[in-house]
Amino acid sequence: MAERRSCLSKEAKDGLEYLKRKRLQKMSSDSVNETVDFSRMARSGGDALRPSLASRGLRLRVTTSGAVPTAKGAFLKEKVDKFETDDLKWTERLPECPVYRPTIDEFEDPLTYLQKIFPEASKYGICKIVSPLTATVPAGAVLMKEKSNFKFTTRVQPLRLAEWDSDDKVTFFMSGRNYTFRDYEKRANKVFARRYCSGGSLPDSFLEKEFWKEIVCGKTESVEYACDVDGSAFSSAPSDPLGSSKWNLNKVSRLPKSILRLLETSIPGVTEPMLYIGMLFSMFAWHVEDHYLYSINYQHCGASKTWYGVPGSAALKFEKVVREYVYNDDILSTNGEDGAFDVLLGKTTIFPPKILLDHDVPVYKAVQKPGEFVVTFPRAYHAGFSHGFNCGEAVNFAMGDWFPFGAIASCRYAHLNRLPLLPHEELICKEAVLLNSSPKPENLDFTPAELSGQRNIKTAFVHLIRFLHLARWSLKKSGLCTGLVSNTYGTIVCSMCKRDCYLAFINCHCYLHPVCLRHDVKKLDLPCGTTRTLFLRDNIEALEAAAKKFEKEDGISDMITTDDELYTYPSSITLAAAKEDGYSPYSTIYFDFDTELEMTSGNPVMSYEANAPCISSVTDDYVNRRAPNCSSSSDSKLLEEVASSSNKKTRFFSAVKDEPIVTDQESDGSDSESFRVKRRSLKLENRTVVLETRDSEHHQDLKRLKRPQNYHEGRCSASISSIIKQEEEEEALVISNRKESHEQQSGDVMMMKDKNHFGGFKRLKVKGLIKP
């Protein structure tokens with residue numbers, strides 16, 4: 001024990017010393033046995049944002065008979081009555097998830113293969129795929145030789161169940177130890193040998209029961225787990241068959257069929273893989289992937305890993321059971337189905353799957369061994385633990401069939417006022433533009449799974465465009481819109497509900513409070529006055545024409561529902577009420593303003609905090625993905641407009657100076673920045689998230705547009721030399737105009753602010769949508 005504590009972080013040492021002092025105080029003052037839970041003590045000052053001692057897994061039973069308790073008896077785990085843990089026969093009743101063994105030919109493209117097995121495998125939430133290829137360079141050699149100076153820090157995980165009330169929660173905290181891959185392996189093997197007097201593997205069923213026994217009443221306080229470690233253990237050597245294949249997780253999220261290929265900024269753990277290096281009984285708690293994405297996990301080496309998975313179709317039932325039988329009401333931030341979802345995002349909730357079986361929630365098991373992939377499907381909750389030292393790797397991806405799930409996740413994040421990780425609205429529009437410009441499906445040999453994915457993209461796009469058209473009509477009818485500006489930004493985040501906005505948003509006089517069109521403009525109480533400027537894409541009419549065309553396709557109209565809350569929340573506008581008031585879908589909407597103002601080119605410069613974290617961005621090389629035979633000249637124009645209107649990096653930034661982004665005051669500490677978790681679902685209070693775009697990036701971004709690429713791997717390849725030539729001419733003109741106008745703009749901005757109530761930036765006519 002002393003050896004272990006000497007290497008712990010100051011935070012962990014202070015916690016243990018605090019417990020020791022309180023134990024001695026109790027021993028000198030009391031003469032009876034009692035249980036002390038120090039999490040009930042009031043916290044103040046800097047402790048307000050740190051997890052309580054009990055939440056770290058240390059619930060101390062103090063013996064006050066006069067003798068000093070030994071370390072062996074000092075930490076006794078208390079039985080949690082809500083979980084029946086005496087009988088572990090339920091572990092034998094868990095059904096196995098499906099296992100697939102693709103041939104070399106089937107293994108060629110991971111996303112094509114996953115589309116093939118999706119109809120069956122998704123019913124289980126998780127599945128296992130046995131790789132026909134073997135890595136010739138071991139993970140240890142990659143991490144010790146190919147990646148010099150590779151080290152990582154572990155996280156301490158308490159091995160116990162919790163009451164999950166305001167006094168007793170579980171939090172994982174940093175150990176403060178740095179390891180090389182080999183040093184951690186030695187330590188993990190030493191822990192295993194000390195417990196079982198053996199260095200070999202033991203039966204999986206035996207270790208599963210051992211894990212739950214340890215969680216309930218074992219003597220081990222905690223384990224160390226290296227999770228969310230930046231890096232990859234796939235070899236870059238061309239001779240390694242697995243590393244050079246498309247199943248190398250460094251490549252998966254960027255494959256042609258992956259929606260995440262459109263993200264320009266890498267997101268560790270989402271678009272870039274992360275390593276998970278574990279020891280005996282290190283665990284990953286019940287959770288669902290960010291934005292309900294897919295995940296693919298590969299086991300490089302070491303002991304097995306047990307997985308539990310719940311299919312996405314049973315996600316709400318899972319959350320209902322957790323809310324009613326695991327969590328106490330006093331830790332839920334909101335009522336209803338989102339209450340449990342909010343706490344589960346902390347990724348520290350562990351409980352036996354038996355409680356799910358008892359309430360008819362389907363749950364399946366997988367035992368993953370080296371050389372095997374485990375795939376989790378959208379909205380599938382999963383958890384698990386390691387049987388000993390091992391090294392795994394995981395990354396996220398998405399295909400067309402993900403969009404309905406992504407819409408649900410975006411809506412739920414808005415309910416909880418949580419910052420999104422992905423620009424969902426922008427991804428929809430970009431994919432829809434590509435589909436609109438590609439040949440008709442009947443002209444290509446698309447599989448049924450691919451056609452289904454395309455229908456999901458088109459349906460999501462139609463839902464989005466229909467709502468935004470209705471919202472703009474309502475805004476125009478209110479008469480409160482004071483200006484119309486061409487929106488050439490990427491994605492910004494609504495300052496009220498944290499929804500991501502790509503096509504349109506409203507901003508105020510100071511440009512610090514962007515608001516999505518889902519909020520009633522009549523009720524907006526912004527601090528800088530009543531200015532309500534609408535930022536709108538230049539190509540909105542072309543996008544609406546594309547949506548209207550999609551609606552006429554077979555199978556799309558049947559999937560369109562009116563007033564879909566997933567795209568409208570928190571708006572109170574309804575289609576039925578609007579139609580009674582004279583609304584007509586896809587009609588041209590004109591804004592008529594009383595005040596005539598001069599016009600200025602470009603967008604207002606939104607303030608930003610230079611060191612605020614970037615969330616994500618979407619790539620802009622749509623001209624290069626253009627298909628050879630667009631259906632019309634308007635389609636061609638639409639594609640070019642999307643490229644030209646998105647030629648700057650998309651960034652989300654906090655606009656509040658000197659205010660660090662922190663977790664909610666009542667957080668259990670799981671989302672603390674010190675943990676470097678890939679998902680930081682932060683609750684931002686009274687913060688404005690706005691966009692930074694830098695003119696200096698314009699030249700480079702135009703060059704990126706010129707890189708020729710093919711859509712759908714060669715199915716649609718065409719020459720783009722004429723487009724490149726046009727872009728070069730426009731680039732020269734833009735650079736020339738920029739040099740001439742920059743000095744004028746810098747000198748005239750302040751003068752313009754004094755002349756009108758639009759914050760110094762004049763309204764622009766957007767495709768003739770302002771009446772002359």
Side-chain angles (χ1 to χ4, degrees), residues 51 54-57 77 80 82-83 85 125-126 154-165 168-175 208 211-212 214-216 218 220-229 269 274 276-290 292 295 297 305-310 315 318-319 321-323 325-328 331-332 339-356 361 363-366 368 374 376 379-387 390 392 394 396 663 667-672 675-681:
S55 72
R56 295 172 187 167
K77 298 175 184 177
V80 180
K82 65 179 70 175
F83 305 119
T85 54
I126 62 173
T154 56
R155 195 168 303 172
V156 176
Q157 298 180 320
L159 286 181
R160 71 175 185 88
L161 296 176
E163 293 286 354
W164 286 105
D165 55 25
D168 183 24
K169 295 179 285 186
V170 171
T171 296
F172 304 152
F173 59 98
M174 302 307 292
S175 69
E208 183 179 17
F211 172 76
W212 292 110
E214 187 59 59
I215 286 286
V216 174
T220 303
E221 297 174 30
S222 60
V223 294
E224 291 183 58
Y225 185 32
C227 56
D228 300 328
V229 177
M274 279 184 163
Y276 298 83
I277 308 171
M279 62 168 57
L280 180 67
F281 300 156
S282 60
M283 57 187 162
F284 50 102
W286 288 105
H287 69 285
V288 69
E289 296 300 310
D290 303 317
Y292 293 157
S295 77
N297 308 261
K305 186 181 294 183
T306 291
W307 291 69
Y308 303 110
V310 175
F318 171 92
E319 292 168 4
V321 169
V322 174
R323 184 179 71 249
Y325 300 101
V326 177
Y327 295 150
N328 284 24
I331 69 168
L332 301 179
F341 175 69
D342 192 25
V343 183
L344 284 163
L345 287 175
K347 299 183 181 179
T348 60
T349 302
I350 193 73
F351 57 84
K354 181 179 185 299
I355 197 170
L356 301 175
V361 177
V363 57
Y364 300 92
K365 179 168 62 176
Q368 183 187 24
V374 167
T376 69
R379 211 181 183 181
Y381 278 95
H382 48 283
F385 64 93
S386 295
H387 297 191
N390 56 28
N396 290 116
T663 56
S667 169
D668 62 3
S670 303
D671 289 334
S672 171
F675 295 133
R676 268 195 70 260
V677 185
K678 71 169 181 177
R679 167 69 187 170
R680 293 177 174 86
S681 300

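Because the structure is predicted, anything quoted here is derived from the model rather than measured. Scope of the values below: all heavy atoms of this structure, side chains included, with no hydrogens, waters or symmetry mates.
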Inset, instruction - Apply side chain to side chain contact (heavy atoms under 4.5 Å, CB included) to Val156 and Met174, showing your working. - result: CA-CA 6 Å; Val156 176; Met174 302 307 292; over 6 Å; no
Legend entry - Derivation of the side chain to side chain contact (heavy atoms under 4.5 Å, CB included) call for Glu224 and Met279: CA-CA 7 Å; Glu224 291 183 58; Met279 62 168 57; 4.2 Å; yes
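- Closest of all the heavy-atom pairs between Phe341 and Val288 is CE1-CG1, 4.1 Å.
- Side-chain contact between Thr376 and Glu289 is present, with heavy atoms from C-beta onward closer than 4.5 Å.
- The shortest distance between side-chain heavy atoms of Leu280 and Phe211 does not fall below 4.5 Å.
- Rounded to the nearest 0.5 Å, atoms CG (Asp290) and CG (Leu345) are 8.0 Å apart.
- With sequence neighbours excluded, the residues that form a side chain to side chain contact (heavy atoms under 4.5 Å, CB included) with Ala394 are Tyr276, Asn297.
- Note: Thr154 OG1 to Phe172 CZ = 13.0 Å, rounded to the nearest 0.5 Å.
- Smallest separation of non-hydrogen atoms from Met283 and Ile350: SD-CG1, 4.0 Å.
- One side chain, Tyr327 or Thr349, offers a donor N or O that lies under 3.5 Å from an acceptor on the other.
- What you find for Arg379 and Ala315 is that their closest heavy atoms are O-CB, 3.6 Å.
- Remark: Gln368 CD to His387 NE2 distance equals 10.5 Å, nearest 0.5 Å.
- Taking OG from Ser175 and CD from Gln157, the interatomic distance works out to 11.0 Å, rounded to the nearest 0.5 Å.
- Under the ring pair (Phe, Tyr, Trp, His ring centres under 6.0 Å) test applied with Trp286, the options Phe385, Phe351, Tyr381 reduce to a single match, Phe351.
- Phe284 is linked by a ring pair (Phe, Tyr, Trp, His ring centres under 6.0 Å) to Trp307, counting only residues two or more places apart in sequence or in another chain.
- The two residues Ile355 and Val326 come nearest to each other via the heavy atoms CD1-CG2, 4.1 Å.
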Inset, instruction - Begin with the C-alpha distance, continue with both residues' side-chain angles, and end with the deciding distance and a verdict on side chain to side chain contact (heavy atoms under 4.5 Å, CB included) for Val223 and Leu159. - result: CA-CA 7 Å; Val223 294; Leu159 286 181; 3.6 Å; yes
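- For Thr171 and Thr348, the side-chain atoms include no donor-acceptor pair closer than 3.5 Å.
- Atoms NE2 and OG, from His382 and Ser295 in turn, are 4.5 Å apart once rounded to the nearest 0.5 Å.
- One finds no salt bridge joining Asp228 and Lys347 here, because no Lys/Arg side-chain nitrogen approaches an Asp/Glu carboxylate oxygen to under 4.0 Å.
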Inset, instruction - Let me see the working for Leu356 and Val310 under side chain to side chain contact (heavy atoms under 4.5 Å, CB included), right down to the final yes or no. - result: CA-CA 9 Å; Leu356 301 175; Val310 175; 4.1 Å; yes
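- The backbone N or O of Thr220 sits less than 3.5 Å from a side-chain atom of Glu214, completing a donor-acceptor pair.
- To the nearest 0.5 Å, atom CD1 of residue Ile215 and atom CZ of residue Arg160 are 10.0 Å apart.
- The heavy-atom pair separating Lys305 from Ser386 by the smallest distance is CE-OG, 3.9 Å.
- Taking all atoms of both residues into account, the shortest heavy-atom contact from Pro352 to Leu161 is CD-CD2, 4.2 Å.
- Between the side chain of Asp168 and the backbone N or O of Glu163, at least one donor-acceptor pair lies under 3.5 Å.
- Look at Lys365 and Glu208 and you find a salt bridge, because one of the NZ, NE, NH1 or NH2 atoms lies within 4.0 Å of a carboxylate O, short of that distance.
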